Amino acid sequence: MIIVVTIYSLIVLMQFPELVREKNLKEILVYIIIFSFSFVISLLYSMGVNLPSPYQGIQYLIEELWHINY
Amino acid sequence: MSIEQNKITNMQLVFILTGLIQGSILLTAYITPLTKQNSYLVIMSSFIIMIPYAIVYGLLSQMYPGKNLIDIHEIVYGKYIGKLISIGYFFYFLMVLSFNIRFLGDFYTGIIMPDTPINFFMISFYFACAFTVYKGIRVLANISNFIVTLIYASIFSTFLFLIPYMDFTNFLPVSEIDINNFIQGTHILLMVPFGEIFIFLTFADNINSNKCNLTKYLLAGLVLGASCMVLISVRDTAVLGDMAELSTFPASTSIRLIEVNNVFMRMDVLIIIIQTVSMFIKTSLFYFATVICLSNILKLRNYYPFIIPIGAIALFLAITDWESSAEALTYARLFIPFLISPFLHVLPPITLLIGKIRSKKTSE
């Protein structure tokens, strides 16, 4: 968990000031959303939280719901 | 909209596409249990079916010179539907990116270092690819020239070294294959290595001569990539026979047999290098496509800040993909072809058709 926080802090310190300097609000907003999402899932994973894979959902959709199979 | 100013030449496009297909050379392991000694026939049939699709992709780029995939969608389908379709493609690229990161991890833990945590390989690979994406498509194209040549040289040399171990009766009986397995094998190959050449449309605005027809360059990349796969499949079937379907990575198993006067031994290291560099090209390309796709959908000026977070999401997906490489094999055989089909073989012809009708109406 400490490693994840350290790496993400370093990335923010390297990238965010540059984004702010460019004063592009749209880019800053998109960056915050994607970065936060990526940080939260990485943090949860490092804490040992069992996060479901979206591919299991896709598998269910194809196999059980649509019955598409060889 | 062209975010990346570095342009690549048509020949570099050929090398990139060949490298992309070579990135799936170990995929023959996915179809061998289905197609057995006839894997080479399945590869050739997928290649033949792929030709009209390559022409469709080429025509799309010719119809909209200087435009990338996202621009084309917006022109053809309108702003909102176009964006929605592009978002679908973004998730497709992200999914393939995560699969490739995972596949490399499985390859390393399955063959070389079974006791090392898979995450170590995947994280290292992710950073290497992120660095390449940061450098841009031109750098990727430049290294593709070298890597593709290296892969070709190693495939030819291992083929020659393995000739004494080959038994061509392993191909008998010719064409005795269950039709369902044949269709499934063709479908898998059509989707995963061959159909993926579609990715060039995401950076079509970065190809130098947009006004000329790119179809012949797409076909050249396809021919070079497919010939690599056929060579590998023939080599592994001739050397291993029925054993090929039992091995997770037949290429590695067959190359391990090479022993020339006690000088050339344990050449499976070669396959590890080849696989790593070829997957590096493929993964970097999908990484680039994912990031550029997002930037173009949201009309951002710069894609650089999104390289690390997007890669981290792909890495997370790669980690949670599946428990073992056997599970990955099942997923690749049963679900991936159906999941990818709409993006590579349904939407592009529809886009071309609607685009043609629209341009005809406009000219009238």
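Bear in mind that the values here come from a model prediction, so they are computed numbers and not experimental data. Lettering follows sequence order; numbering is per chain, from 1. Note: hydrogens, waters and symmetry copies are ignored here, and every other heavy atom, side chains too, is used.
- Residues meeting the side chain to side chain contact (heavy atoms under 4.5 Å, CB included) test with B/Leu294, sequence neighbours left out: A/Ile34, B/Phe90, B/Leu298, B/Phe306, B/Ile310.
- Here CZ of B/Phe127 is found 5.0 Å from CD1 of A/Ile7. Values are rounded to the nearest 0.5 Å.
- A 6.0 Å sphere centred on CD1 of A/Ile2 holds no more than 12 heavy atoms belonging to other residues, nucleotides or ligands.
- In this structure, chain A has a heavy atom under 4.5 Å from the side chain of B/Phe99, while its backbone stays farther away.
- To the nearest 0.5 Å, atoms CD1 (B/Ile313) and CZ (A/Phe35) are separated by 10.5 Å.
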Would you mind checking chain A against chain B for donor-acceptor pairs under 3.5 Å and listing them?
residue : atom : partner  : partner atom : Å
A/Lys26 : NZ   : B/Leu298 : O            : 2.6
A/Glu27 : OE2  : B/Arg301 : N            : 3.0
A/Glu27 : OE2  : B/Asn302 : N            : 3.2
A/Tyr45 : OH   : B/Asn119 : ND2          : 3.1
A/Ser53 : OG   : B/Thr320 : O            : 3.3
A/Tyr55 : O    : B/Tyr331 : OH           : 2.9
A/Tyr55 : OH   : B/Ser98  : OG           : 2.7
A/Tyr70 : OH   : B/His187 : ND1          : 2.4

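- Ranked by heavy-atom pairs shorter than 4.5 Å toward chain B, the options A/Ile41, A/Ile62, A/Ile58 are led by A/Ile41.
- Looking at A/Phe37, only its side chain comes within 4.5 Å of chain B, counting heavy atoms on both sides.
- To the nearest 0.5 Å, atoms CG (A/Leu61) and CZ (B/Phe338) are separated by 13.5 Å.
- Contacts of B/Leu315 with chain A are absent, with no heavy-atom separation under 4.5 Å from either backbone or side chain.
- Counting heavy atoms of neighbouring residues, nucleotides and ligands inside a 6.0 Å radius, atom CD1 of A/Ile3 does not exceed 12 of them.
- For B/Ile308, the part lying under 4.5 angstrom from a heavy atom of chain A is the side chain only.
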